[in-house]
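What follows is one structure encoded as structure tokens, with my remarks underneath.
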Amino acid sequence: MRYQRPKGTADILPGDSQHWQYVESVARQVFSKYRFEEIRTPLFENFEVFSRTSGDTSDIVTKEMYDFKDKGDRHISLRPEGTAGVVRAFVENKLYGPEVQKPFKTYYMGQMYRYERPQSGRQREFHQIGVEAFGSDEPALDVEVIAMGMDLFKHFGISNLRLAINTLGDKETRDNYRQALIDYLEPHFDELSKDSQVRLHKNPLRVLDSKDEEDQKFVANAPSILDYLTADAKQHFERVKQLLDALGIDYVVDSTMVRGLDYYNHTIFEVMVNSKALGHGYTTVCAGGRYNGLVKELGGPEVSGVGFGLGMERLLLLMESEGVEFPEEHHLDAYVVGISDAADTVTLKVVQALRQQDFSADRDYLARKPKAQFKTADRLNAAYTLTIGEAEIAVSTIHVKNMVSGNEVSAPLNDVINDFAGVIKGID
RNA sequence: GCGGUAUUGGUGAAGUUUGGUUAACACACCGGAUUGUGGUUCCGGCACGCGUGGGUUCGAGUCCCACAUACCGCCCCA
């Protein structure tokens, strides 16, 4: 019986892992410019951390969460998303305290788990990069987060982006709008798709998101949430738009955009891209928004937050299909060819000496013939091939060849061991 | 959770329509072409075997069933 990795998981192998590292390092650099700092929270939390924040009836809680009882009978959940854990840490460590600069800006990257049917770019274990900023209601912070998201994609080398924004307003706005939407859709109940019929009372906003063509006809004429904004909500949203304009960031307002998680309010946004890699038309690669009230929900004070998250797997698919060039990482400075058993010891010493001088170096470990070793040096794209055999050992020298120019010299063994940089300077 | 398609070596795969006896071809890899210098060329090697387990049959990679996994669509999410 052969072992297989669990359904919906992936091995990220060398070659691929370079791409991951590149994306992560670009993200760290960008975040650092905006003064966001990394936070690392547990991969699992108490079940309630997620059920409280995502909504008890949300699908993510009722059927997509990996949850279990541990040996101490604690109800544990693998994190299905990043925000809840960060908020929990924010509260538990009292990062809302006076000694912490506001807003508190942080980012995370790591595994998330959802029990769902795997598809391309959607796995049960997947990875997200996300940011959160706590402690300011100012629209300027919403805009900083959005601007940073757009900046991030620019650094990833992705263009053809579309920024869609909307507002869910405050609680009063949502309550009023929810009722208006129900009032509008109720008369058409029988004409709605089955899924939407269920959604109508459970979460009517989600009807707006329906992919059913029939539903879309009703949605087109549905009341807009923008007409139900309270004065405060409207002012917040207007300011966000003004600031985006001021920064020259293009956007479209999509009043039908909604969120699957219950904790969002006010500004929500999605970065969308038109790429065949992720399906037809514009699809979302990054989503975020404001979540005032979430901190309080988890036992903290009334502190607001805003953030976004993006899926690594989808991002990498996108970058690969857009032909983004990843930096070549596997440079090999020197390959040391040892001829005959007599050379084994000295070959190892040379390789190790080169590494001590900060050169990357490698050698053969299969006792292969010179011919095969030279082939390997070539295939590994070594900048220099060093050769040492009985003839060299006898007079304490080593042969050094520049693989690009073909120039070669015989150098004193000690020079290579102590100052390889000086030796190669003499060749080129 | 529902529906569809697929699963052959390290890789890409032919073969499955019309079940028949040695699983094509290519790439990669390994070895060799007179002794210690590469990228070309030539020669040779490389599936106890067709996802797993059952079944039908004189005979199955080719037919049937179950399971697993991947991909696509739905739910969901983004």
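Note that the coordinates shown come from a computational prediction; the quantities given were computed from them, not determined experimentally. Labels below follow one simple rule: chain letters A, B, ... track the order of the sequence lines, proteins then strands, and each chain is numbered from 1.
The side chain of A:R122 contributes no N or O atom lying less than 4.0 Å from OP1 or OP2 of B:C72. One finds a side-chain N or O of A:Q119 lying less than 4.0 angstrom from the OP1 or OP2 phosphate oxygen of B:G73.
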Quick one: side chains of residues 43-50 of chain A, donor-acceptor pairs under 3.5 Å with protein atoms, not counting sequence neighbours, listed by atom name and distance.
unit_1, atom_1, unit_2, atom_2, d
A:E45, OE1, A:R88, NH1, 2.9
A:E45, OE2, A:R88, NH1, 2.5

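Salt-bridge check for A:D364 with A:K369: failed, with every basic side-chain N at 4.0 Å or more from each acidic carboxylate O.
Remark: A:Y263 pairs with A:Y291 by the ring-ring contact (aromatic ring centres under 6.0 Å, His included) rule, at least two apart or across chains. Residues satisfying the side-chain contact (heavy atoms from CB on, under 4.5 Å) criterion with A:K425, sequence neighbours excluded, are absent altogether. Remark: A:Y107 engages A:F31 in a ring-ring contact (aromatic ring centres under 6.0 Å, His included) (not counting sequence neighbours). For A:L413, the side-chain contact (heavy atoms from CB on, under 4.5 Å) criterion is met by A:V346, A:V350, A:I388, A:I398, A:I417, not counting sequence neighbours. Every side-chain contact (heavy atoms from CB on, under 4.5 Å) that A:V253 has, sequence neighbours left out, goes to A:I165, A:L226, A:F237, A:K241, A:Y251. With sequence neighbours excluded, the residues satisfying side-chain contact (heavy atoms from CB on, under 4.5 Å) with A:F68 are A:D70, A:I76, A:L78.
In this structure, a donor-acceptor pair under 3.5 Å is absent between the side chains of A:D142 and A:H266. Side-chain atoms of A:R379 and A:N381 form no donor-acceptor pair, as typed in the model, at a separation below 3.5 Å.
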What string of B, S and - do you get for nucleotides 26-31 of chain B, 5' to 3', if B is base contact, S is sugar-phosphate-only contact and - is no contact with any protein heavy atom under 4.0 Å?
-> ---SSS
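Taking 4.5 Å as the limit, every side-chain heavy atom of A:N402 sits out of range of all side-chain heavy atoms of A:E408.
In this structure, A:Y22 places its OH atom where more than 12 heavy-atom neighbours from other residues, nucleotides or ligands lie under 6.0 Å away. Summarising the local packing, CD of A:E191 is surrounded by more than 12 heavy atoms from other residues, nucleotides or ligands at distances under 6.0 Å.
Residues of residues 307-316 of chain A having a heavy atom closer than 4.0 Å to RNA chain B: none are found. Taking a 4.0 Å limit (strictly below) on heavy-atom distances, residues 397-413 of chain A reaches RNA chain B at A:H399, A:K401, A:M403.
Closest approach to the A:R117 side chain among B:A70, B:C2, B:G36 is made by B:C2 (side chain taken as heavy atoms from C-beta onward). Checking B:U69, B:U37, B:G36 against the side-chain heavy atoms of A:I339 singles out B:G36 as nearest. The side chain of A:K7 lies closest to B:U69, out of B:C71, B:U69, B:G36.
In this structure, CD of A:Q197 is placed 14 Å from P of B:C75, rounded to the nearest angstrom. If you take CG of A:D11 and P of B:U69, they are 15 Å apart, rounded to a whole angstrom.
Only the P atoms considered, B:G19 is 12 Å distant from B:C64, to the nearest whole Å. B:U62 and B:U16: their C1' atoms are spaced 4 Å apart (whole Å).
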Dot-bracket for RNA chain B, 5' to 3', Watson-Crick and G-U pairs with both distances under 3.5 Å, [ ] for crossing pairs, | for partner on another strand, reads ((((((((.[[[..)....(....]]].(((((.......))))).....[[[[[..)....]]]]])))))))....
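If you find the closest nucleotide of RNA chain B to A:R5 and to A:R259, the one lying nearer the 5' end belongs to A:R5.
Evaluation of the ring pair (Phe, Tyr, Trp, His ring centres under 6.0 Å) test over residues 376-428 of chain A, restricted to residues two or more places apart or in two chains, returns A:F359-A:F420, A:Y384-A:F420.
Not a single donor-acceptor contact under 3.5 angstrom links the side-chain atoms of A:E64 to the base of B:G1.
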